[in-house]
Amino acid sequence: MSRFYITTPIYYVNDAPHVGHAYCTVNADAMARWHRQVGDETLFLTGTDEHGQKVAEAAERNGVSPQEWTDQTSARFRASWDDLNIAYDDFIRTTEPRHYETVQKFLQAIYDNGYIYKDTYRGLYCVSCEDYYTSEALNEGNCPVHGRPVTEMEEENWFFKLSAFEDRLLEWYGQHPKATTPDTKRNEAVSFIKGGLRDISITRTSIAWGVPVPWDAKHVFYVWYDALVNYLTAIGYGRDDALVEKWWPNVHHLIGKEIIRFHCVWWPAMCMAAGMEPPAHVQVHGWLLVGGQKLSKTMAGEGAVRLTDIAPQSLTAEFGVDPIRYYLLRDTPLGTDGDFSIEGITARYNTDLANNLGNLVARVATVVGSKCGGLSPALPVDSPLAAEAKTAVDTARSAWENFAPHLALEATWRLIGATNAHLELNAPWKMEPGTDVDRVMAEALEALRIITALIVPAMPGTAQTIWERLGLAGDVASLAFDEVTSWGQFPAGLTVTKGDPLFPRIRVEA
RNA sequence: GGGGCUGUAGCUCAGUGGUUAGAGCAGGGGACUCAUAAUCCCUCGGUCGUGGGUUCGAUCCCCACCGGCCCUACCA
């Protein structure tokens, strides 16, 4: 048995949970579910990032303390994840005492190792961005984002000697070519390092809403610097060395492409500075882009077409939880940008879920009912579907191992197609009840049993529903993947029930 | 301004320095009628962003340009 530790970024509480967050979290959840299925000891961590100036200001505007504000906003993320059937093992909040303790110990270690020093930060500050820029970053003397003049500011800060890690990082990436995937994203990180690293300011005196710097009470840590450490908080850094040893560094950080720099440059360097191995793997995903199609008002409000305006719950309310999970996993491979659209969801829903999977379950149940007395017939020794099933299982296994849920599902749907074709070829509905019908329907049931096991990570609720309709006992997700997906197990004599359509077709106006 | 990614069939995407560039969906035709007007079979469809270069030969390598996107030091 091996172990699998996967994380999402911790989401900034000032955002409302949106489809982008859901995309990342559903992928992490499916990956965790698959690893649990194969028997890995699994730790799936997500959470919320609750410090920083913007949170403090938002709390003030709303007339509550920062802690009260983050209590409210963090809860929205948990509600979204509950709704999407996300089975995280731990949900971290950066305002928790355990996180303060880990951050302080981790950064104290870096300080003790001599990688943190005090200096005066002079920089060009853009009021709109609330951030500093280097003179090279400016666009003709103006802020590159807002195009407005910047002002010279000065602040006394503690600095992290990121520049000291250029060579070590490059060497490390040379030795760990798969530390960041896909390769194009690794190249981005490496190019950035090669371009030269400068030390970074990691504390602030201007705000109080953060983790206090242990050796200088006037300062709190800059929000990103405390946020990254959450991956160590959850495994007990500073509190339980054995637990850290157990889970680190074999972690998989699932992140969006916009935060490559933090996870693939800063974070490995911070780990090195603290005397730890950098995280073994960062899997980068792209963005879901909204192509400009109109979203319904119930979906996103008047005139809104931005992805960040779409609440995951509005989607699950309209399409169901598992269809949205399926769409997010199937439609956009991890690593590239994808298109998000209601039309796309509808197409996946109707073709893959209603027509292929849902209809297959229905037609098999009907024919078993009419030709086999509603009971599963005995399974023959050989079947042409056995090879198809093996291909699907092998492909899916390797796809999940390689962070490619879309390929795992594609392979599963090939098996669904092969099962539909097998029924078509044999046309059991034309036959008189007897051994020929029994053989075909037993084969279809067996294929469906394996298909059900294969969709567990993506659609756990649907999988269990189908499992029960097939007359099978127990919790399909708890069965060992390798055993449950091998051909030749469907017991004879189980009661197969039809039930309502799993995925009623969505009518689309012409 | 600097760095990086990307542009392949109507749509979403695979893919390879070398004979006729693939898949799914959509479109067209046929079969079937167990099933959620589902399914199955066949089929239409691309000067592989533009212009150069390297090469015996490029969609794939190099350069430029055009379009889209990310980062430029707190947006999955």
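Below, chain A is the first sequence line, B the second, and so on; all start at residue 1.
B:A73 atom P lies 14 Å from atom CH2 of A:W224, rounded to whole Å. Here the C1' atom of nucleotide B:U39 and the CG atom of A:N356 are 9 Å apart, to the nearest Å. Residue A:K185 contributes atom NZ, which lies 14 Å from atom P of B:C69 at whole-angstrom precision. For A:Y327 and B:C25, the OH to C1' distance is 13 Å, given to the nearest whole Å. When the P atom of B:U39 is taken as reference, atom CG of A:N426 falls 19 Å away, rounded to whole Å. Following rounding to the nearest Å, A:E188 (CD) and B:C5 (P) show an atom-to-atom distance of 7 Å. Per the geometry, CH2 belonging to A:W413 stands 14 Å off P belonging to B:U39, to the nearest Å. Per the geometry, CD1 belonging to A:I193 stands 13 Å off C1' belonging to B:G4, to the nearest Å.
Considering all non-hydrogen atoms of both residues, A:R76 and A:A16 come closest at NH2-CA, 3.8 Å. The two residues A:T332 and A:T336 make their nearest non-hydrogen contact at CG2-O, 3.6 Å. Looking at every heavy atom in both residues, A:W400 comes nearest to A:P457 through CZ2-CB, 3.6 Å.
For the pair A:L448 and A:L360, the minimum side-chain heavy-atom distance is below 4.5 Å.
Phosphate proximity of B:U36 to A:R507: absent, as no side-chain N or O sits under 4.0 Å from OP1 or OP2. Under 4.0 angstrom from either OP1 or OP2 of B:G4 there lies no side-chain N or O belonging to A:K194. Residue A:R198 places no side-chain N or O under 4.0 Å from the OP1 or OP2 atom of B:A73. For the pair A:N355 and B:U39, the criterion of a side-chain N or O lying under 4.0 Å from OP1 or OP2 is met. In this model, the phosphate group of B:C75 is not approached by any side-chain N or O of A:N14 to a distance below 4.0 Å at OP1 or OP2.
Rounded to whole Å, the separation between the P atoms of B:C5 and B:C44 comes to 38 Å. Between B:C69 and B:A31, the two C1' atoms lie 46 Å apart (nearest whole Å).
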Set out, in order, the CA-CA distance, both residues' side-chain angles and the distance that settles side chain to side chain donor-acceptor pair (under 3.5 Å) for A:T25 and A:Y11, then state yes or no.
CA-CA 10 Å; A:T25 307; A:Y11 304 115; 2.6 Å; yes

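Here the nucleotide nearest the side chain of A:W266, chosen from B:A73, B:U39, B:C70, is B:A73. Nearest nucleotide to the A:R363 side chain, out of B:U36, B:U39, B:A76: B:U39. Among B:U36, B:A35, B:A76, the nucleotide with an atom closest to any side-chain atom of A:H21 is B:A76. Among the nucleotides B:U12, B:A38, B:U39, the one closest to any side-chain atom of A:D339 is B:U12.
The residues A:D82 and A:R78 are annotated as not salt-bridged, no charged nitrogen and carboxylate oxygen being separated by less than 4.0 angstrom. A salt bridge links A:R449 with A:E446: at least one charged nitrogen is closer than 4.0 Å to a carboxylate oxygen.
For the pair A:D331 and A:E410, nearest-nucleotide mapping onto RNA chain B gives the more 5' position to A:D331. Nearest-nucleotide assignment on RNA chain B puts the 5′-proximal partner with A:A347, out of A:V223 and A:A347.
With hydrogens and angles ignored, the 3.5 Å screen pairs a side-chain donor or acceptor of A:R469 with a backbone N or O of A:K498.
Counting distance only, with no hydrogens placed and no angle test, the side-chain atoms of A:N359 and the base atoms of B:A35 include a donor-acceptor pair under 3.5 Å.
When base pairs are accepted only as Watson-Crick or G-U wobble with both N-N or N-O distances under 3.5 Å, RNA chain B takes part in stems of 3 or more pairs at B:1-7 with B:66-72, B:10-13 with B:22-25, B:27-31 with B:39-43, B:49-53 with B:61-65.
Within 4.0 Å of A:P504, counting heavy atoms only, lies at least one base atom of the nucleic acid. Among the atoms of the strands shown, base atoms are found under 4.0 Å from some heavy atom of A:G358.
Judged by centroid separation below 5.5 Å and plane tilt below 30°, A:Y11 does not stack onto the base of B:A76.
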